[in-house]
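Taking it in order: structure first as structure tokens, then the write-up.
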Amino acid sequence: MMFSMILSAAVLGVEACAVQVEADICDGLPQFCMVGDLSQEVREASDRVRTALKNTGISFPPKKVTVNLSPAHIRKEGTRFDLPVAAALLAALGVFPAEYAEGVMIVGEISLSGQVRPVGGVLQTVLLAKEKGCRLCMVPRENAGEGAAIGGIPVVGIENIQELLACLLSPELGARRAEGSRPWNPDEIRDTGEDFREVNGQLAVRRAAEIAAAGMHNFLMVGSPGSGKTMIARRMPTILPRLTLEESLEISGVYSACGLMTGAEGLVTARPFRSPHHTVSAAALAGGGRSVKPGEISLATRGVLFLDELPEFSRNALEVLRQPMEDGFVTVSRTEMKYTFPAHFQLVAAMNPCKCGFYPDRSRCRCQPGEVNRYLRKISRPLLDRIDICVEIPRVEYRDLSQSEENESSGEIRGRVGAAQRIQSERYRDCPWQFNAQLRASAIRRFCPLGSAERQIMERAFDRMNLSARAYHRIIKVARTIADLEGEERIRDVHLLEAIGYRSLDQRFWEVS
């Protein structure tokens, strides 16, 4: 009987932290003790591992067993430590030489039969193993494709305890079974079957959606039921440019931490589209919980967060959006530490103009002015100020539904959006932001200079529409995006007038009486 140590990793938010799983078996009163600031799931590993070893045919002597997960000040949660605990015990029992596990990082859950089950956070674990200079990383077979996508370090998919032993006893076998990394392919995107070609009519809304995508502006659609709000929102990711490798790694890290990449091969290649129900809590949007995980805001990073029936969301949930929309990250504070999650998302929202959905069509709407006012005021002014583009969607006419000519496809729109975003990338190459929507107020004068005529237009709009300073700056940002779509170096009056038109709802929201 002896001491052994196996390298593993804990996932804290979206980051991985190295953990040493130490096992000691000695004479004494038979017991199995696990220490090191453990959650209940980790403590239960003692029963899972002991039973799995018995069912695998490995006898467990009646000895005193102590397992320590170090460092002790880091909270260990989940079932990812089952496999490294089993490996540490096998080494301590002398089933394989302890030096065979040097430089090997191991994670995975074990069933009572000895089968290895998938866990979350494998992407972060493999990245950490690569950073630590490990020679091998052993993960559940269902997570092997996800881990192998990192490249630069062999990743072995383990299916059961027998395979774990075989690979540790024969390093050459482990090297042969290591999953090869897949080359990054930005065009490898799942076909969702959705395309802007299917949207008939609504030319003004299609134009607004294109501008929103080009500058990554937050986008609100207001219209009666059946006017196409959800249909357009679901097609927003199809007009955004292909993911870069850096963006894919960021998205994949969030999904891996949440355990949403189980069975996936490689990295996430499609831009996220998240559409939480209006009953979602503030914590589910921002992240948190008993075991702190990213929320819907972070799951939508580099993609679209769609909030349908916006006024039906709770006030607390909506107000949670304000800080991430400005900063691009979410911070969840706990007594022991702070967790920071990415939040580079585009907000797309939809709502009815009143509770029944048909205002101001008085032939169908029976809502009183006060009722309309209360319904609209469910959205706070600070949140509305952070929405760059607001459009009203008219009812779809029969001639639009029955038209024979083909509409413009998502691919054609994506080409123009990509060209506009390349202009922005070149303009902001030395800045900490990438898109016009992220442009800071202090830099607007430098990147969005206005001529005398344009300044007069903005002065009149500011006074007549009772704009806030934030709304004023967002109009200029949208005008900058419109100019980029047209290949113009400077903002002209027509660009400003169109951008102002997308704020016209501000006045209506606060003047309904």
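Both backbone and side-chain heavy atoms feed into the values below; hydrogens, waters and symmetry mates do not.
- For the pair Glu426 (side chain) and Ile423 (backbone), a donor-acceptor distance under 3.5 Å is absent.
- At distances below 3.5 Å, not a single donor-acceptor pair connects side-chain atoms of Arg414 with backbone N or O atoms of Pro241.
- The structure places CZ of Phe447 at 9.5 Å from OG of Ser442, a figure rounded to the nearest 0.5 Å.
- Partners of Arg492 under the side chain to side chain donor-acceptor pair (under 3.5 Å) rule, at least two apart in sequence or in another chain, are Glu488.
- Inter-residue side-chain proximity for Glu15 and Val11 is flagged as unmet; no heavy-atom pair is nearer than 4.5 Å.
- A side-chain donor from one of Tyr428 and Asn436 sits under 3.5 Å from a side-chain acceptor of the other.
- Remark: Glu109 does not engage Arg80 in a salt bridge, criterion side-chain N to carboxylate O under 4.0 Å.
- A salt bridge links Arg235 to Glu198: one of the charged nitrogens lies within less than 4.0 Å of a carboxylate oxygen.
- You'll find the side chain of Arg474 stays beyond 4.5 Å of the side chain of Asp385, heavy atoms only.
- In this structure, the side chain of Asn143 does not engage the main chain of Val122 through any donor-acceptor pair within 3.5 Å.
- No salt bridge links Lys355 with Glu371; every basic N to acidic carboxylate O contact stays at or beyond 4.0 Å.
- Taking both residues in full, the closest heavy atoms of Ala257 and Lys293 are given as O-CE, 3.2 Å, listed atom of the first, atom of the second, then distance.
- When every heavy atom of Ala9 is checked against every heavy atom of Leu128, the shortest pair comes out as CB-CD2, 3.9 Å.
- If you take CG on Leu384 and OG on Ser468, they are separated by 9.0 Å, rounding to the nearest 0.5 Å.
- Around atom CZ of Arg334, more than 12 heavy atoms belonging to other residues, nucleotides or ligands sit under 6.0 Å away.
- Side-chain polar atoms of Tyr502 and Glu498 form a donor-acceptor pair below 3.5 angstrom.
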Residues Glu412, Arg197; criterion salt bridge (charged side-chain N to carboxylate O under 4.0 Å, His left out); working and verdict: CA-CA 10 Å; Glu412 294 172 291; Arg197 185 182 285 115; 5.2 Å; no
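- Contact check for Asn218 versus Ile389: no side-chain heavy atoms found under the 4.5 Å cut-off.
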Chi angles and distances behind the side-chain contact (heavy atoms from CB on, under 4.5 Å) call for Phe313, Val280: CA-CA 7 Å; Phe313 285 77; Val280 67; 3.7 Å; yes
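- The backbone N or O of Val42 lies less than 3.5 Å from no partner atom in the side chain of Glu77, so there is not a single donor-acceptor pair.
- Here the closest non-hydrogen pair linking Leu123 and Leu267 is CD1-CD2, 3.8 Å.
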Working for side-chain contact (heavy atoms from CB on, under 4.5 Å), residues Thr340 and Val330: CA-CA 6 Å; Thr340 300; Val330 176; over 6 Å; no
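- Of all the heavy atoms in Ser409 and Asp195, the pair that sits closest is CA-OD1, 3.3 Å.
- At most 12 non-hydrogen atoms from other residues, nucleotides or ligands lie less than 6.0 angstrom from CD of Glu459.
- At a threshold of 4.5 Å between non-hydrogen side-chain atoms, the residues Leu127 and Lys132 do not count as touching.
- If you run side-chain contact (heavy atoms from CB on, under 4.5 Å) between Val222 and each of Pro353, Cys390, Cys354, only Pro353 comes through.
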Residue pair Phe341, Phe329: steps toward the side-chain contact (heavy atoms from CB on, under 4.5 Å) verdict: CA-CA 6 Å; Phe341 305 133; Phe329 62 86; over 6 Å; no
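- Between Glu194 and Thr238, the side chains place no donor N or O within less than 3.5 Å of an acceptor N or O (distance only, hydrogens not considered).
- Residues Glu408 and Arg416 are paired through a salt bridge, judged by an N-O separation under 4.0 Å between the basic side chain and the carboxylate.
- His278 NE2 to Glu309 CD: the interatomic distance, rounded to the nearest 0.5 Å, is 7.5 Å.
- How far CZ of Phe219 is from CZ of Phe306: 10.0 Å, rounded to the nearest 0.5 Å.
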Test side-chain contact (heavy atoms from CB on, under 4.5 Å) applied to Ile232 and Met221, step by step: CA-CA 9 Å; Ile232 291 170; Met221 294 173 284; 4.0 Å; yes
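- The one candidate from Gln424, Gln421, His217 that meets the side-chain hydrogen bond (donor to acceptor under 3.5 Å, both in side chains) condition with Thr481 is His217.
- Proximity of a side-chain donor or acceptor of Arg271 to a complementary backbone N or O of Val304 within less than 3.5 Å is not detected.
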Worked check of salt bridge (charged side-chain N to carboxylate O under 4.0 Å, His left out) between Arg206 and Glu210: CA-CA 6 Å; Arg206 289 168 64 99; Glu210 180 178 337; over 6 Å; no
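- Looking only at distances, a side-chain donor or acceptor of Lys229 sits under 3.5 Å from a matching main-chain atom of Ser224.
- Taken to the nearest 0.5 Å, the CD atom of Glu312 stands 11.0 Å off from the OG1 atom of Thr279.
- A heavy-atom distance below 4.5 Å is found between the side chains of Leu347 and Met325.
- Leu220 is not listed as a side-chain neighbour of Val348, based on a closest heavy-atom distance of 4.5 Å or more.
- By the 6.0 Å contact criterion, CD on Glu41 is enclosed, its count of non-hydrogen atoms from other residues, nucleotides or ligands being greater than 12.
- We find the CD-CG distance between Gln434 and Leu439 to be 13.0 Å, quoted to the nearest 0.5 Å.
- Glu247 places no side-chain N or O within 3.5 Å of a backbone atom of Thr301 that could act as its donor or acceptor partner.
- At least one side-chain heavy atom of Arg480 sits less than 4.5 Å from a side-chain heavy atom of Cys448.
- Remark: Arg427 engages Asp484 in a salt bridge, criterion side-chain N to carboxylate O under 4.0 Å.
- Atom CZ of Arg445 sits in a sparse spot, with 12 or fewer heavy atoms from other residues, nucleotides or ligands closer than 6.0 Å.
- Ion pairing of Glu326 with Arg322 is absent here, as no side-chain N (NZ or NE/NH1/NH2) approaches a carboxylate O to less than 4.0 Å.
- In this structure a side-chain-to-backbone donor-acceptor pair under 3.5 Å is present from Tyr255 to Leu299.
- When all heavy atoms of Ala479 and Ala499 are compared, the closest pair comes out as N-CB, 3.7 Å.
- A donor-acceptor pair under 3.5 Å links the side-chain atoms of Lys76 to the main chain of Ile74, judged by distance alone.
- Side-chain contact between Val14 and Tyr339 is absent, with no heavy-atom pair separated by less than 4.5 Å.
- When all heavy atoms of Ala300 and Pro272 are compared, the closest pair comes out as CA-CB, 4.1 Å.
- A distance-only check finds a donor-acceptor pair linking the side chain of Glu454 to the backbone of Asp493 [under 3.5 Å].
- Heavy-atom neighbours of Tyr472 OH from other residues, nucleotides or ligands within 6.0 Å: at or below the threshold of 12.
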